[in-house]
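A short write-up of the structure that comes next.
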Amino acid sequence: LSDSFKEYTTKIETPYSVWCDIAGGKIRGDEAMMKGMYKVKGDFELMLQWDTYFGGGAGEVEKEQKPVKQAKTNMMLVLLPWIVFWVAVSFNSYVGSLISIVTCIAISLFFFSNKKTIYDVISSGAVILCALSVICFDNKELIMPVSYLGFGLMWTASCFTKIPLTAHYSANDYNGESALENPLFIKTNLILTMMWGILYILTAVMTYFIMKTSFASYLAIINNILPIFMGIFTGWFQKWYPAKVARG
């Protein structure tokens, strides 16, 4: 067809040969898009759900089989130990540290139903170490900034691995494990992970100076303001950036 098109919601502009190569499995669709071999205009959500719409129907035998439930990662298992530590210790060093340790131990129970990543292990171990340091040395003015620095470095360091930290968790919303083979998905998460890492490294510096002022008791509140805005930005960016790349 060359004219009389109806109004589209999503339009894919591609040479016929490229589309045949994708359909024949000679090249991955996401890889071809990253190389600029085709463009997507309009609503990019279709591309994110491509396998859902066009993955092919299941055979009669497959329909009779019960689907195997895959354990999923959970970002809260990474965040919760740190959040509890930062909030609880800012109010009471000793009690807050004990609460943080108990939280880390309790979180291990969730791994019976959730998939564990290296960052879940690092987070619980690091928070326990920070809590013990507060109890032993009673110097939260130094340990609190160090904890924010450690958290930020964990995010930043993951950017130098094959799969950045956020990708392990956001993959749940994008076809699971298969998303980890999508170069555009990985690049999007690489950018976001780096930004979150830098944010918390800067937060560590800010925390160090705040702890020396009369605003120290409000530290948990102050340090949660920027992450709220960063969370809003993350939700927007993970939809905007892939669509921008697809438009070419």
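Values reported hereafter were calculated over all heavy atoms of this structure, with side chains retained and with hydrogens, waters and symmetry mates removed. Residue numbers count from 1 along this sequence.
The cluster map of Ile, Leu, Val, Met, Phe, Trp and Tyr, joined by side-chain heavy atoms under 4.5 Å apart, puts L199 and Y119 in the same cluster. Taking hydrophobic clusters as Ile, Leu, Val, Met, Phe, Trp and Tyr residues chained together by side-chain heavy-atom distances below 4.5 Å, Y169 shares a cluster with L192. Grouping the Ile, Leu, Val, Met, Phe, Trp and Tyr side chains by contacts below 4.5 angstrom, directly or via other members, places V78 apart from M194. The cluster map of Ile, Leu, Val, Met, Phe, Trp and Tyr, joined by side-chain heavy atoms under 4.5 Å apart, puts V146 and V89 in different clusters. When hydrophobic clusters are built by joining Ile, Leu, Val, Met, Phe, Trp and Tyr residues whose side-chain heavy atoms come closer than 4.5 Å, directly or via intermediates, I83 is grouped together with F151.
For the atom pair C104 SG and L77 CG, the distance stands at 11.0 Å (nearest 0.5 Å). Taken to the nearest 0.5 Å, the CD1 atom of I118 stands 11.0 Å off from the OG1 atom of T161. Expressed to the nearest 0.5 Å, how far CZ of F185 lies from CG of L190 amounts to 11.5 Å. With rounding to the nearest 0.5 angstrom, the CD1 atom of I107 is 12.5 Å from the NZ atom of K116. Once rounded to the nearest 0.5 Å, the distance linking CD of E31 with CG of N182 reads 10.0 Å. Atom-to-atom distance recorded for S93:OG and I143:CD1 is 8.5 Å, nearest 0.5 angstrom.
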Go through V134 and F85 one step at a time and tell me if the side-chain contact (heavy atoms from CB on, under 4.5 Å) criterion holds. CA-CA 10 Å; V134 172; F85 176 78; 4.0 Å; yes
Stepwise side-chain contact (heavy atoms from CB on, under 4.5 Å) test for M144 and L219: CA-CA 10 Å; M144 286 291 278; L219 181 66; 3.7 Å; yes
Let's go through F110 and M76 carefully: what are the C-alpha distance in whole Å and the side-chain angles of both, what is the deciding distance for side-chain contact (heavy atoms from CB on, under 4.5 Å) to 0.1 Å, and is it a yes or a no? CA-CA 11 Å; F110 287 91; M76 279 307 300; over 6 Å; no
Take F44 and K244 through the side-chain contact (heavy atoms from CB on, under 4.5 Å) test and state the conclusion after the steps. CA-CA 9 Å; F44 191 71; K244 176 182 178 297; over 6 Å; no
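Using a 4.5 Å heavy-atom threshold, the side chains of L165 and M154 count as touching. Looking at heavy atoms from C-beta onward, R247 lies out of side-chain contact with V40 at the 4.5 angstrom threshold. Side chains of E141 and Y208 form no contact here, defined as non-hydrogen atoms less than 4.5 Å apart. Contact annotation: the side chain of L132 never approaches that of S97 to less than 4.5 Å [non-hydrogen atoms, C-beta and beyond]. By the 4.5 Å heavy-atom criterion applied to side chains, M195 and T234 are not counted as neighbours. M211 places a side-chain heavy atom less than 4.5 Å from the side chain of K140. At a threshold of 4.5 Å between non-hydrogen side-chain atoms, the residues V205 and P145 do not count as touching. For the pair R28/E181, a side-chain contact is recorded, criterion being any heavy-atom separation below 4.5 Å from C-beta on.
Remark: the backbone N or O of N189 is paired with a side-chain donor or acceptor of T166 at under 3.5 angstrom. Judged by distance alone, with hydrogens and angles left aside, the side-chain atoms of S124 form no donor-acceptor pair with the main-chain N or O of V121 at under 3.5 Å. Not a single donor-acceptor pair under 3.5 Å links the side chain of N172 to the backbone N or O of K72. A donor-acceptor contact shorter than 3.5 Å links the side chain of S158 to the backbone of W155. The main-chain N or O of H168 is found under 3.5 Å from a side-chain atom of T73 such that the two form a donor-acceptor pair. Under a 3.5 Å cut-off, the side chain of T156 and the backbone N or O of L153 do not form any donor-acceptor pair. When atom types are taken as modelled, the side chain of T213 and the backbone of I210 share a donor-acceptor pair closer than 3.5 angstrom.
The two residues S123 and P81 make their nearest non-hydrogen contact at O-CB, 4.5 Å. Heavy-atom minimum distance, I101 versus A131: CG1-CB, 3.7 Å. Pairing each heavy atom of A167 with each of L180, the nearest pair is O-CD2, 3.6 Å. Of all heavy-atom pairs spanning N74 and D120, the tightest one is O-OD1, 4.2 Å. Across every non-hydrogen atom of I22 and A32, the tightest pair is CD1-CB, 4.1 Å.
More than 12 heavy atoms of other residues, nucleotides or ligands sit less than 6.0 Å from atom OH of Y8.
Taking the six-membered ring where the residue is Trp, W19 and Y38 present perpendicular rings, their angle passing 60° and hence far from 30°. In this structure, Y200 and W196 have parallel ring planes: the angle between them is below the 30° cut-off, well short of the 60° mark. By the 30° and 60° cut-offs, the orientation of the rings of W82 relative to W86 is tilted. Classified by interplanar angle (parallel below 30°, tilted 30° to 60°, perpendicular above 60°), the ring pair Y218/F215 is tilted.
Geometrically, K115 does not engage F111 in a cation-pi contact defined by less than 6.0 Å to the ring centre and at most 45° from the axis.
We find that E13 and K41 are joined by a salt bridge, their nearest charged nitrogen and carboxylate oxygen being less than 4.0 Å apart.
Inspection of the T207 and N223 side chains reveals an N or O donor paired with an N or O acceptor under 3.5 Å.
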